[in-house]
Amino acid sequence: MNFLQSMCGPHHLPPRLEVHQSWWAMRGIGDENGEWSLAKKLAKIAEAGYGGIMGRLPAPEEAGLWRSLLDHYNLQFGVEAFPEEPEEFAAFLRKAKQFGVSYVNAQVKDSFVVGEKAINRLKGIIREGKNHGIPVFVETHRGRITQDLLRTVEYAEALPDLRLTIDLSHYVLAGEMLVPHPQAEACFQKLLKRTSCIHGRVSNGQQIQADIGPGGEHPMTGRYMQWWKQGMACWLDEARQGDVLPFVCELGPVPYAIALNGYLATPAEEISDRWQQSLVLKELAEKAWREVQQARS
């Protein structure tokens, strides 16, 4: 059995899904009065029923305010990291532990590191996470050590303890996977077995981030739902009492988001309402989880 690295909640509770909102996705979000403040964004996230946030470690001068608001709204806090060498990552993890993060989502640098060097780097990243007692999930992401689908499968086969943040939108885009492809699906299945976190975003094979409609009516949504459910089921196969699976609604601002007047324009007019689309993804994640639970009962 693979080593399952996951968030831990109260040990008397069964394994559960926790939907988080990406702080990056909140950039520019507001109303007719302008962008919401930090406090209002956190209030809105809590009111919408999210269990946490995935962001970045706050600057020292803002750390106290962040901790106070997170505690007030009872929100978990996962952070992004962009490690290169394990020693550098260890210093970051010390700060993360001091702040009290729930998990680290690691986009490991970089896409030009391959083969044994990549495997050794990932070994070091995994080791430091264990040494510091913080769940570390390596994200399947373009422009990073996991850029290539086939390489990432090789890393998973070489590293039994490698736990992943599953974001298949990167591979769907990079491979122009507008329709199902048997060889790609076989690779996806190997990665889904390492699910410890899921990033919610739908790529249509030509754009990284598609608007899927008010109820998720986009034709690609069903495929992502199947992948998310498979990842959830794989995670549940190894989960223990108290374990938590974070699902992060991660819809980025321009240039991730498509703009009518181009991403270099100021201001860029997005064609999609990221806040509302995040809520759609939240509903889909909860629906996928219910269906997985029902299938197992």
Side-chain angles (χ1 to χ4, degrees), residues 1-7 15-20 54 78 103 105-108 119 122 125-126 129 135-142 144-175 177-205 208 212 216 220-240 243-250 281 284-296:
M1 180 180 292
N2 294 327
F3 172 81
L4 178 67
Q5 192 173 34
S6 65
M7 290 173 54
R16 70 187 190 277
L17 179 78
E18 200 168 83
V19 183
H20 292 186
M54 188 194 75
Y103 62 95
N105 180 73
Q107 295 185 23
V108 182
I119 290 170
L122 288 168
I125 298 297
I126 295 166
V136 174
F137 314 137
V138 175
E139 185 175 354
T140 60
H141 200 292
R142 295 167 299 148
R144 303 292 185 254
I145 208 167
T146 51
Q147 167 165 306
D148 180 82
L149 174 60
L150 297 180
R151 274 193 271 160
T152 305
V153 169
E154 290 179 1
Y155 303 154
E157 290 174 342
L159 298 167
D161 291 354
L162 177 64
R163 304 304 306 185
L164 297 175
T165 293
I166 295 293
D167 187 346
L168 299 185
S169 68
H170 292 282
Y171 298 146
V172 171
L173 178 65
M177 298 178 190
L178 284 74
V179 296
H181 192 290
Q183 289 176 296
E185 290 295 334
C187 291
F188 288 164
Q189 295 308 311
K190 293 178 180 179
L191 299 185
L192 288 166
K193 291 178 181 178
R194 304 299 183 87
T195 300
S196 279
C197 180
I198 299 172
H199 279 187
R201 184 191 304 112
V202 172
S203 169
N204 59 13
I208 186 63
I212 60 175
M220 292 289 283
T221 303
R223 290 174 64 193
Y224 281 85
M225 285 286 282
Q226 283 301 118
W227 292 325
W228 296 339
K229 288 194 288 185
Q230 288 164 12
M232 292 171 181
C234 289
W235 180 84
L236 274 169
D237 285 341
E238 300 181 72
R240 302 157 296 194
D243 283 349
V244 179
L245 174 64
F247 182 105
V248 183
C249 302
E250 199 198 25
L281 288 171
L284 290 174
E286 292 165 346
K287 180 175 185 288
W289 181 254
R290 288 194 301 271
E291 291 178 357
V292 170
Q293 296 281 65
Q294 290 166 4
R296 298 169 72 90

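Because the structure is predicted, anything quoted here is derived from the model rather than measured.
- Using a 4.5 Å heavy-atom cutoff, the side chains of Leu191 and Leu149 are in contact.
- No side-chain heavy atom of Arg223 sits less than 4.5 Å from a side-chain heavy atom of Leu168.
- Within the model, atoms CD1 of Ile198 and CD of Gln230 stand 10.5 Å from one another, a figure rounded to the nearest 0.5 Å.
- In terms of modelled atom types and a separation under 3.5 Å, the side chain of Thr221 and the main chain of Gly216 share a donor-acceptor contact.
- Atom CG of Asn105 is separated from atom CG of Leu164 by 10.5 Å, given to the nearest 0.5 angstrom.
- Ring pair Phe188/Tyr171 is parallel by interplanar angle, where below 30° counts as parallel and above 60° as perpendicular.
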Side-chain polar contacts of residues 177-187 - donor-acceptor pairs under 3.5 angstrom, sequence neighbours left out - could you list them?
unit_1 : atom_1 : unit_2 : atom_2 : d
His181 : ND1    : Gln183 : N      : 3.2
Glu185 : OE1    : Trp227 : NE1    : 3.1

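- Rounding to the nearest 0.5 angstrom, the gap separating the CD atom in Gln107 from the OG1 atom in Thr140 is 9.5 Å.
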Apply ring-ring contact (aromatic ring centres under 6.0 Å, His included) to Phe247 and Trp289, showing your working. CA-CA 10 Å; Phe247 182 105; Trp289 181 254; over 10 Å; no
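- Looking at Thr146 and His170, their side chains never come closer than 4.5 Å, going by heavy atoms from C-beta outward.
- Under a 4.0 Å N-O distance rule, the pair Arg144/Glu139 does not qualify as a salt bridge.
- The salt bridge (Lys or Arg N to Asp or Glu O under 4.0 Å) test applied to Glu286 returns Lys282, not counting sequence neighbours.
- Proximity of Leu236 to Leu245: side-chain heavy atoms (C-beta onward) are nowhere separated by under 4.5 Å.
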Going through the checks in order, is the side-chain contact (heavy atoms from CB on, under 4.5 Å) test met by Gln293 and Arg290? CA-CA 5 Å; Gln293 296 281 65; Arg290 288 194 301 271; 5.7 Å; no
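- Evaluation of the side-chain contact (heavy atoms from CB on, under 4.5 Å) rule for Pro135 yields Gln5, Tyr103, Phe137 as partners, not counting sequence neighbours.
- To the nearest 0.5 Å, the span separating CD on Glu157 from CZ on Arg194 amounts to 8.5 Å.
- Here the side chains of Arg296 and Asp237 are in contact, with some heavy-atom distance below 4.5 Å.
- Every residue two or more places apart in sequence or in another chain that forms a side-chain contact (heavy atoms from CB on, under 4.5 Å) with Leu173 is listed here: Arg142, Ser203, Ile208.
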Evaluate the side-chain contact (heavy atoms from CB on, under 4.5 Å) criterion for residues Leu281 and Ile212: first the C-alpha distance (whole Å), next the side-chain angles of each, then the deciding distance (0.1 Å), finally the verdict. CA-CA 9 Å; Leu281 288 171; Ile212 60 175; 4.0 Å; yes
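- Atom NE2 of His141 sits about 8.0 Å away from atom OG of Ser169, to the nearest 0.5 Å.
- Nearest heavy atom pair, residue Arg16 against residue Glu18, reads NH2-OE2, 3.5 Å.
- Within the structure, salt bridge (charged side-chain N to carboxylate O under 4.0 Å, His left out) pairs that include any residue of residues 196-205 comprise Asp167-Arg201, Arg201-Glu250 (at least two apart or interchain).
- Distance check: Leu192 CG to Ile166 CD1 gives 5.0 Å after rounding to the nearest 0.5 Å.
- Note on residues 145-166: no pairs pass ring pair (Phe, Tyr, Trp, His ring centres under 6.0 Å), not counting sequence neighbours.
- In this structure, Ala285 and Met232 approach most closely via the heavy-atom pair O-CE, 3.6 Å.
- Residues His199 and Met54 meet the side-chain proximity criterion, which asks for heavy atoms closer than 4.5 Å.
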